[in-house]
Number of protein chains: 2
Amino acid sequence: MKSSAHETIKSKGYKLTHQRQLILSILEGSQTHLDAEALFLLAKRRDPKISLATVYRSLSTFKKIGLIQEQGFGEDHGHFETVSNKPHFHFTCSQCGQVTELRSKKIIRLIKELCQEEDLKMESMDLLIQGLCPVCQEKKSTSTTS
Amino acid sequence: MKSSAHETIKSKGYKLTHQRQLILSILEGSQTHLDAEALFLLAKRRDPKISLATVYRSLSTFKKIGLIQEQGFGEDHGHFETVSNKPHFHFTCSQCGQVTELRSKKIIRLIKELCQEEDLKMESMDLLIQGLCPVCQEKKSTSTTS
DNA sequence: ATGAAAATGCGAATTATTCTCAATTATATT
DNA sequence: AATATAATTGAGAATAATTCGCATTTTCAT
C-alpha cells in the first residue's frame, strides 16, 4: 500500500520537521502550480518565522524523493506540484494561457507499454500540449487578418 | 505550406537580424536542450560581439511566436529547443538524469484525437516521463538496501 | 540612399537560488 | 522523560539567472 508523503519522508531517512509538513500541506492543498516565492508567502501566514531558504531546501528534497515535480513550461522560473498517482495531461492555450486538464486511460496504458518495451521503469509522466483553446480559435477566425 | 522560421519571424512583424538567425540556427542544429548560457557561448564563437541579453531577448521573442519551447523539468533553469513538427517524448532518469527519446505514432494519433474531442487545436506536444533507466534499475536491485 | 522604428551591446539593476554558520529541533537511545 | 547527535533551520551574504535603460547600430519600407 502507498504510504502518505509523511511516511515517504521518514522512510527515506529525512526528518519530519513541521516546516516540511507545512510546505507539503500547502502544495497538496493547492490546485495551481506554485513557485517558491508564492509558496513562501503562503507558508509565512501559518509560520511567520519560516525562511525562504527552507522553502527552497524542502522543494529540492521533495523533488529528490519524488514527492513533487517541477514544471517549467512557458514560465520564467520553476513551478511545483505534488506528484499524483493519476498522471494528467495539461493543455495550455498559447494565446490566453488557460490550462485544460485532460485524461485518457488508453493513452496512459500505451505510454506504459512503450516504456516497458524500452525497459524503462516509469515513475511519473506529464503530457504538455500547447495550442489554441476553443475561445481563441474563435477569435482568430473572426479577425480575418491575412 | 509551412514556411521557414525566418518567414515566421518576418510575418509576425519582427526584424530578421543576424543575431536572431544565428541563435535560431544553433537551436535548430542542436540535438540537446540548450540553456541561455550555453547558447550564448556557442553563439559567441560565430559572433564574438553578441550579448547575453540578446540571447535572452531572442529566446523570449521566439517563445512568444511559438518557434521554441522551454523545458524546465527537473532542471534548475530553463532549457530550450525548437518546436519540431515531429512531437517527441522524453524519458528522464530520476537517478542519473540521462534522457531517452521515445516516439510512438500511435500515441501521437490518440493524443490528437483526444484534443479534437475537446475542441482544442494542438500546436505542439511534449511528453515528459520520469523514472529509472535500465542501468539505474540494475544498480538499485543490486544494492539490496532495506 | 534615407529615415523611422526596432534591435543590439553594454553594464547596471533586479530576481531567483544557493550557501554559510550558529542556533534549534527531531529522533533514537537510555 | 531526559540526553546525545546529527539533521535542519533562519538570517543574511553570496552567487547565478534574467531583465532593464539607454546610447548606438541595424533592418526594412519607401
Side-chain angles (χ1 to χ4, degrees), chain A residues 4-26 33-65 67-68 70-80 146, chain B residues 5-26 33-65 67-80 146:
Chain A
S4 80
H6 288 191
E7 293 305 318
T8 307
I9 291 173
K10 297 187 79 170
S11 76
K12 300 271 180 175
Y14 293 99
K15 289 182 176 174
L16 190 57
T17 67
H18 57 99
Q19 289 91 333
R20 282 175 182 164
Q21 295 182 57
L22 172 54
I23 291 164
L24 207 47
S25 80
I26 293 172
H33 305 165
L34 301 165
D35 63 12
E37 188 69 25
L39 200 42
F40 173 56
L41 259 24
L42 288 170
K44 231 161 123 163
R45 306 219 289 231
R46 287 207 257 155
D47 175 0
K49 297 238 66 192
I50 200 169
S51 135
L52 179 56
T54 297
V55 172
Y56 275 108
R57 283 185 290 228
S58 299
L59 286 173
S60 110
T61 302
F62 294 166
K63 208 162 61 167
K64 188 157 52 188
I65 62 184
L67 286 177
I68 61 169
E70 190 169 357
Q71 306 252 333
F73 245 72
E75 291 294 334
D76 13 68
H77 59 291
H79 286 228
F80 300 85
S146 107
Chain B
H6 288 190
E7 293 306 317
T8 308
I9 290 174
K10 298 187 81 169
S11 75
K12 300 271 181 176
Y14 293 98
K15 289 181 176 173
L16 189 57
T17 67
H18 58 98
Q19 287 90 335
R20 281 176 182 163
Q21 295 181 56
L22 172 54
I23 291 165
L24 209 46
S25 80
I26 293 172
H33 305 163
L34 301 164
D35 63 11
E37 189 68 23
L39 200 41
F40 173 56
L41 259 23
L42 288 172
K44 231 161 122 163
R45 304 218 291 231
R46 287 207 257 156
D47 174 1
K49 297 239 67 191
I50 200 169
S51 135
L52 179 56
T54 296
V55 173
Y56 275 107
R57 282 185 291 227
S58 299
L59 286 173
S60 114
T61 302
F62 294 166
K63 207 162 63 170
K64 188 156 53 190
I65 61 183
L67 286 178
I68 60 169
Q69 271 189 186
E70 190 170 354
Q71 307 250 338
F73 247 70
E75 289 296 332
D76 15 68
H77 59 292
H79 286 228
F80 300 85
S146 103

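Computed from a prediction, not measured in an experiment: that's the story for all the values here. Throughout, protein chains are lettered first and strands after them, A, B, ... in sequence-line order, and every chain is numbered starting at 1.
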Is any side-chain N or O of Tyr56(B) closer than 4.0 Å to OP1 or OP2 of dT19(D)? no
In chain order, what residues pass the side-chain contact (heavy atoms from CB on, under 4.5 Å) check against [X], with sequence neighbours excluded?
X        : answer
Leu42(B) : Ile26(B), Leu34(B), Arg45(B)
Arg20(A) : Tyr14(A), Lys15(A), Thr17(A), Ser58(A), Thr61(A), Phe62(A)
Leu41(B) : Glu37(B)

Atom-to-atom span, [atom1] of [X] to [atom2] of [N] - whole angstrom:
X        : N       : atom1 : atom2 : answer
Lys12(B) : dC28(D) : NZ    : P     : 17 Å
Leu16(B) : dT26(D) : CG    : C1'   : 12 Å
Phe40(A) : dT9(D)  : CZ    : P     : 14 Å
His6(A)  : dA26(C) : NE2   : P     : 13 Å
Ile9(A)  : dT27(C) : CD1   : C1'   : 15 Å
Asp35(A) : dT15(C) : CG    : C1'   : 11 Å
Lys64(A) : dA7(D)  : NZ    : P     : 12 Å
Glu37(B) : dT15(D) : CD    : P     : 16 Å

Rounded distance (nearest 0.5 Å) linking atom CD1 of Ile23(B) with atom CZ of Phe40(B): 10.0 Å
Non-neighbouring partners of Ser25(B) that pass side-chain hydrogen bond (donor to acceptor under 3.5 Å, both in side chains), sequence neighbours left out: Arg46(B)
Expected string for nucleotides 4-11 of chain C under the B/S/- scheme (protein heavy atoms, under 4.0 Å, primed atoms plus P, OP1, OP2 as sugar-phosphate) is -BSSBBB-
For [X] and [Y], work out which heavy atoms get closest and say how close.
X        : Y        : result
Ile9(A)  : Leu67(A) : CG1-CD1, 3.8 Å
Ala36(A) : Val55(A) : O-CG1, 3.7 Å
Asp47(B) : Gln19(B) : OD2-CG, 4.2 Å
Leu24(B) : His6(B)  : CD2-CD2, 4.2 Å

With DNA chain D as reference, determine whether Thr61(A) or Ser60(B) sits nearer its 5' end, using the nearest nucleotide of each. Thr61(A)
Between the two ends of the helix from dA1(C)-dT30(D) to dT30(C)-dA1(D), what is the bend in degrees, rounded to 10 degrees, where each end axis spans five pairs? 60°
